[in-house]
**Student:** 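My questions all concern the structure below.
So you know, we letter chains A, B, ... as the sequences are listed, proteins then strands, and number each from 1. The analysis underlying the following values was restricted to heavy atoms, covering all of them including side chains, and did not include hydrogens, waters or symmetry mates.
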Number of protein chains: 2
Amino acid sequence: MNDTVPWLSDDEQRSWRAFVRLHMKLSARMAADLQAHSGLSSADFEVLVALTDTAEGRVRFQDLAREIDWEQSRLSHQIRRMSKRDLVAREECEEDGRGAYVAITAHGRTAIEAAAPRHVATVRRLVLDHLTAEEFAELGRLSAKVAARIDAA
Amino acid sequence: MNDTVPWLSDDEQRSWRAFVRLHMKLSARMAADLQAHSGLSSADFEVLVALTDTAEGRVRFQDLAREIDWEQSRLSHQIRRMSKRDLVAREECEEDGRGAYVAITAHGRTAIEAAAPRHVATVRRLVLDHLTAEEFAELGRLSAKVAARIDAA
DNA sequence: TATCCCTGGTTGACAGGTCATCTATCAAGT
DNA sequence: ACTTGATAGATGACCTGTCAACCAGGGATA
């Protein structure tokens with residue numbers, strides 16, 4: 001089995017490690033910054049963004065899970081915890097007795113609106129400021145290219 | 001405060017989301033694959049790689065933590081769990097009564113040697129195969145560039 | 001309406017991570 | 001020796017994520 005899989009070359013190895021390292025540092029920093037300044041975790045933020053992206057401010061569990069690419073049960077746990085903090089609320093689903101809606105609360109809306117500007121500023125400070133517009137666009141293009149094929153691979 | 005922070009443009013937003021999305025999918029897939037085929041978590045893998053990278057197969061806690069950029073306590077917990085599974089062992093430090101070494105066990109070595117080829121294959125299948133050599137090098141270059149400045153920012 | 005399976009969502013147990021706090025040892029200065 | 005402060009690492013509480021098992025409501029079929 002070992003024979004059929006060529007190891008990474010030195011250059012490839014360097015690139016790969018840089019890539020992994022960037023993701024590690026970035027997600028750690030962004031999460032810490034968000035938590036410290038707005039009291040929201042990355043998970044909270046992601047859910048709230050998805051909710052504000054919809055017109056009605058409420059979505060079916062399934063749809064939300066698909067939208068942010070999470071497992072069902074992860075979302076279920078997360079929503080339970082967020083409910084306790086009054087960031088979102090569960091609502092019954094009239095059309096389907098099994099289903100349920102997740103709705104953003106007024107408090108949740110306040111929280112994300114307060115958090116968003118700083119979040120954007122952080123993205124700029126940690127990433128955008130260090131790249132030219134072309135470089136950042138290229139990073140996006142390459143990311144999209146790979147991401148699109150990951151599901152199939 | 002809102003006024004001083006320009007929102008992301010549509011293009012920037014697209015790039016950023018693609019970037020984040022790639023990270024999410026990739027780490028999820030790699031972790032699942034590793035776990036399923038070798039019984040190791042990403043955390044286990046990272047620790048074992050760092051240990052095999054050293055000549056003696058053992059390192060001081062501090063050095064290991066710095067090497068893989070983890071918090072002290074995270075490493076401590078992780079090593080305790082890995083010890084129970086006989087992947088690593090704690091060893092006393094003669095030079096410094098406070099210190100301790102983490103050493104890879106024979107079983108740990110076997111485990112990582114079994115896991116590595118498939119891991120590399122997965123990196124190839126999910127990422128390298130979808131990019132040209134130039135594109136991948138560029139991805140590495142951009143990652144390194146940003147990562148280098150994150151600590152200071 | 002009884003039976004079957006499918007689907008939407010929940011739950012409990014457990015691994016992983018962070019934070020604050022604790023213990024033990026070292027290294028200086030007195 | 002004796003305090004004092006810094007350093008190495010451990011620990012407990014608590015939050016997050018995964019997995020597998022579960023429960024309840026649809027929808028079809030007989």
Side-chain angles (χ1 to χ4, degrees), chain A residues 23-25 27-48 58-85 87-103, chain B residues 23-25 27-48 58-85 87-103:
Chain A
H23 283 314
M24 261 186 37
K25 284 183 187 248
S27 48
R29 281 289 293 268
M30 303 262 304
D33 188 281
L34 197 60
Q35 183 71 51
H37 292 97
S38 66
L40 298 176
S41 69
S42 297
D44 298 333
F45 191 81
E46 194 163 356
V47 167
L48 292 177
R58 69 172 209 172
V59 204
R60 286 285 296 270
F61 260 84
Q62 292 276 326
D63 299 331
L64 182 50
R66 197 172 329 102
E67 177 67 23
I68 62 182
D69 209 6
W70 280 18
E71 303 213 349
Q72 252 287 336
S73 88
R74 177 182 178 185
L75 185 57
S76 189
H77 284 302
Q78 180 70 23
I79 295 302
R80 178 174 40 71
R81 291 184 297 245
M82 289 177 77
S83 302
K84 273 192 228 162
R85 293 155 59 208
L87 294 167
V88 299
R90 335 174 39 77
E91 289 181 7
E92 296 237 332
C93 177
E94 308 76 27
E95 313 93 86
D96 189 332
R98 298 164 294 182
Y101 283 101
V102 188
Chain B
H23 174 37
M24 262 186 34
K25 285 183 187 248
S27 47
R29 281 289 294 267
M30 304 262 303
D33 187 283
L34 196 60
Q35 183 71 53
H37 292 97
S38 66
L40 298 176
S41 68
S42 297
D44 298 333
F45 191 81
E46 195 163 355
V47 167
L48 292 177
R58 70 173 209 172
V59 203
R60 286 285 294 271
F61 261 83
Q62 291 276 325
D63 299 332
L64 182 51
R66 196 172 331 103
E67 176 67 25
I68 61 183
D69 209 4
W70 279 19
E71 303 214 348
Q72 231 279 329
S73 89
R74 176 180 178 187
L75 184 58
S76 190
H77 283 301
Q78 180 70 24
I79 295 303
R80 179 175 39 72
R81 289 184 298 247
M82 289 178 76
S83 300
K84 272 193 226 161
R85 294 155 60 208
L87 293 167
V88 299
R90 335 175 37 77
E91 290 181 5
E92 297 236 333
C93 176
E94 308 77 26
E95 312 93 87
D96 188 333
R98 298 164 294 182
Y101 283 101
V102 188

**Student:** Does this structure show an ion pair linking Asp63(B) with Arg66(B), if we count only N-O contacts that are shorter than 4.0 Å?
**Tutor:**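 Arg66(B) and Asp63(B): salt-bridged.
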
**Student:** Looking at Glu46(A), I'd like to know if its CD atom is crowded, meaning that more than 12 non-hydrogen atoms belonging to other residues, nucleotides or ligands lie closer than 6.0 Å.
**Tutor:**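 Yes.
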
**Student:** Would you say Arg85(B) places a side-chain N or O within less than 4.0 Å of OP1 or OP2 belonging to dA15(C)?
**Tutor:**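 For dA15(C), neither OP1 nor OP2 has a side-chain N or O of Arg85(B) closer than 4.0 Å.
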
**Student:** NA contact type, Arg80(B), heavy-atom cut-off 4.0 Å: base, sugar-phosphate, or nothing?
**Tutor:**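 The answer is nothing, as Arg80(B) stays clear of every strand by at least 4.0 Å.
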
**Student:** Establish, with yes or no, whether the OP1 or OP2 oxygen of dG16(C) is under 4.0 angstrom from a side-chain nitrogen or oxygen of Arg74(B).
**Tutor:**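 No, because none of the side-chain N or O atoms of Arg74(B) sits under 4.0 Å from OP1 or OP2 of dG16(C).
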
**Student:** Would you indicate which nucleotide in dG9(D), dG17(D), dG17(C) comes nearest to any side-chain atom of Gln78(B)?
**Tutor:**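 Side chain of Gln78(B) sits closest to dG17(C).
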
**Student:** Is any N or O donor-acceptor pair between the side chain of His77(B) and the base of dG9(D) shorter than 3.5 Å?
**Tutor:**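 When only heavy-atom distances are counted, His77(B) does not reach the base of dG9(D) through any donor-acceptor pair under 3.5 Å.
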
**Student:** What is the nucleic acid contact for Gln62(B), judged by heavy atoms within less than 4.0 Å: base, sugar-phosphate only, or nothing?
**Tutor:**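 If one applies the 4.0 Å heavy-atom cut-off, Gln62(B) turns out to touch the sugar-phosphate alone, with no base involved.
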
**Student:** Are there more than 12 heavy atoms of other residues, nucleotides or ligands under 6.0 Å from atom CD of Glu67(B)?
**Tutor:**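 No.
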
**Student:** Looking at Ser41(B), I'd like to know whether one of its side-chain N or O atoms comes within less than 4.0 Å of OP1 or OP2 on dA15(C).
**Tutor:**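 For dA15(C), OP1/OP2 do not have a side-chain N/O of Ser41(B) under 4.0 Å.
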
**Student:** Looking at Arg98(B), I'd like to know whether one of its side-chain N or O atoms comes within less than 4.0 Å of OP1 or OP2 on dT23(C).
**Tutor:**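 So the side chain of Arg98(B) is outside the cut-off, no N or O lying under 4.0 Å from OP1 or OP2 of dT23(C).
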
**Student:** Can you check whether Gln78(B) reaches Val88(B) side chain to side chain, under 4.5 Å on heavy atoms?
**Tutor:**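 No - every pair of side-chain heavy atoms lies 4.5 Å or more apart.
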
**Student:** Would you say Gln35(B) places a side-chain N or O within less than 4.0 Å of OP1 or OP2 belonging to dT18(D)?
**Tutor:**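 The answer is no; no side-chain N or O of Gln35(B) sits under 4.0 Å from OP1 or OP2.
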
